[in-house]
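Keep in mind that what you see is a predicted model, and the values were worked out from it rather than measured.
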Number of protein chains: 2
Amino acid sequence: MLSQKRHKNILHQYGLKVTSARLRVLDTLMRSNIALSHADILSKIRDIQLDKVTLYRTLDAFVKSGLAHKVATEDRNWLYALDLSEHGDTVHRNHTHFICDYCDRVYCLPVSPQVGIPDSSSVEGFEVRSHEFRLHGTCPQCH
Amino acid sequence: MLSQKRHKNILHQYGLKVTSARLRVLDTLMRSNIALSHADILSKIRDIQLDKVTLYRTLDAFVKSGLAHKVATEDRNWLYALDLSEHGDTVHRNHTHFICDYCDRVYCLPVSPQVGIPDSSSVEGFEVRSHEFRLHGTCPQCH
DNA sequence: TTATCATTTGCAACTAAGTTGCATTTTTAT
DNA sequence: ATAAAAATGCAACTTAGTTGCAAATGATAA
Ligand SMILES: [Zn+2]
Ligand SMILES: [Zn+2]
Ligand SMILES: [Zn+2]
Ligand SMILES: [Zn+2]
């Protein structure tokens, strides 16, 4: 957990108080290139004490503040990923999730590749305001 | 529940034994233009006895046989919809869900409108085999 | 039709993820 | 340093979903 400064900055930016639990959870999410479940995160944080309730509330706070978003999976789990790209920018609200059918890993892809975004007029009677694309297949790890 | 014959036929077609519970659940799903939760269905079936476990198992059987599919919602519910279009054809595996942000209703749209389907080559290192598009906005009922 | 066998159903007990309330600790502002 | 506000940990609780099993029902063929 190098660069505490950057982590603290991010929490401040999103109006969140800086606590060791939050720094650790943020760090865990930043180190991952896939979306993580509550259980995933809990199992990765063993060096400091972290109650399951605190983690639930931390993740809620991250989502509520806009720092992270959650994805409900096929098997009714919640996975969490930061709304930050690798370079600190915000991921676009409309993005694509790649779900590996072998390992169940979920990747956030920052753009919706080679896909036109449907607008209101495209679906009779439905007013479209945002979208999420879910691609299924085999991820790089499972090839 | 007119046309029992057609319902029975469908169950047979999918290799499912015909029981009153299954006929009733099938009928309920056929009458709905939105995907329904376990709780939705249970509350709609009051005239015959139907245990919650039986409904769970019935829905599992429908999904396993290919008669229905389930959608995990944002709030970690499962919604069920038939894989049949209004005219008895099978809905394409790749389809679009419209999720109303006001009433939470989920609609299955048979096609992916004005949207190009991404193929394997479009996402570096990921092999895409199927997709689900989720559109968010306001449904016709909530306008 | 009736007998047989496999499947489905209902019930009760159980499981475990997630929530709530509250006393204690930590953070931030003055 | 002090005080107010917010976050944390713990225990108790809730509740959706599952499991095992005995009884009921459906499919098949004599
Ligand atoms: Zn994989
Ligand atoms: Zn994402
Ligand atoms: Zn609506
Ligand atoms: Zn659907």
Starting at atom NE2 of H7(B), determine the distance to atom C1' of dG26(D), rounded to an integer number of angstrom.
19 Å
Can a donor-acceptor pair be found, under 3.5 Å and without considering hydrogens, that links the side chain of W78(A) to the backbone of E74(B)?
yes
Which part of the nucleic acid, if any, lies within reach of A39(A) when heavy atoms closer than 4.0 Å are counted: base, sugar-phosphate only, or nothing?
nothing
Taking atom types as modelled, is there a side-chain donor on E127(B) or H143(A) under 3.5 Å from an acceptor on the other?
yes
Y56(B), nearest nucleotide to its side chain (from dT19(C), dA27(D), dG17(D))
dG17(D)
Mind calculating the distance between NZ (K17(A)) and C1' (dT26(C)) to the nearest angstrom?
8 Å
Does A21(A) reach a base, just sugar-phosphate, or nothing at all? Heavy atoms under 4.0 Å.
sugar-phosphate
Residues T54(A) and D51(A): side-chain donor-acceptor under 3.5 angstrom
no
Close residues, residues 72-81 of chain A, relative to DNA chain D [heavy-atom separation under 4.0 Å]
R76(A)
For L11(B) and dT25(D), what is the distance between atoms CG and C1' respectively, to the nearest whole Å?
15 Å
Do H95(A) and H131(A) get their side chains close enough for a donor-acceptor pair, meaning under 3.5 Å?
no
Of the candidates dT8(C), dT28(C), dA11(D), the side chain of T19(B) sits closest to dT8(C)
Which one, dT19(D), dA5(D), dT7(C), comes nearest to the side chain of R57(B)?
dT19(D)
Toward the 5' end of DNA chain D, which comes first, H38(B) or V18(B), by nearest nucleotide?
H38(B)
Pairing donors with acceptors under 3.5 angstrom, does anything connect the side chains of R134(B) and T96(B)?
no
Please determine if R31(B) and D27(B) form a salt bridge, counting it only when a charged side-chain N lies under 4.0 Å from a carboxylate O.
yes
Tell me the interatomic distance from D60(B), atom CG, to dT8(C), atom P, rounded to whole angstroms.
12 Å
Starting at CG of L42(B) and ending at P of dT15(D), how long is that distance when rounded to a whole Å?
16 Å
Rounded to the nearest angstrom, tell me the gap between atom CG in L50(A) and atom P in dA7(D).
15 Å
For the pair made of CG in D51(B) and P in dA12(C), what is the distance, rounded to whole Å?
9 Å
What I want to check is whether an N or O donor and acceptor connect the side chain of K52(B) with the base of dG10(C) at under 3.5 Å.
no
Closest approach to the side chain of Q49(A), judged atom by atom: which nucleotide of dT8(C), dC11(C), dG9(D) is it?
dG9(D)
Could you state the atom-to-atom distance from CD1 of I48(A) to P of dG9(D) in whole Å?
8 Å
Is a side-chain donor-acceptor pair under 3.5 Å present for H97(B) with E132(B)?
yes
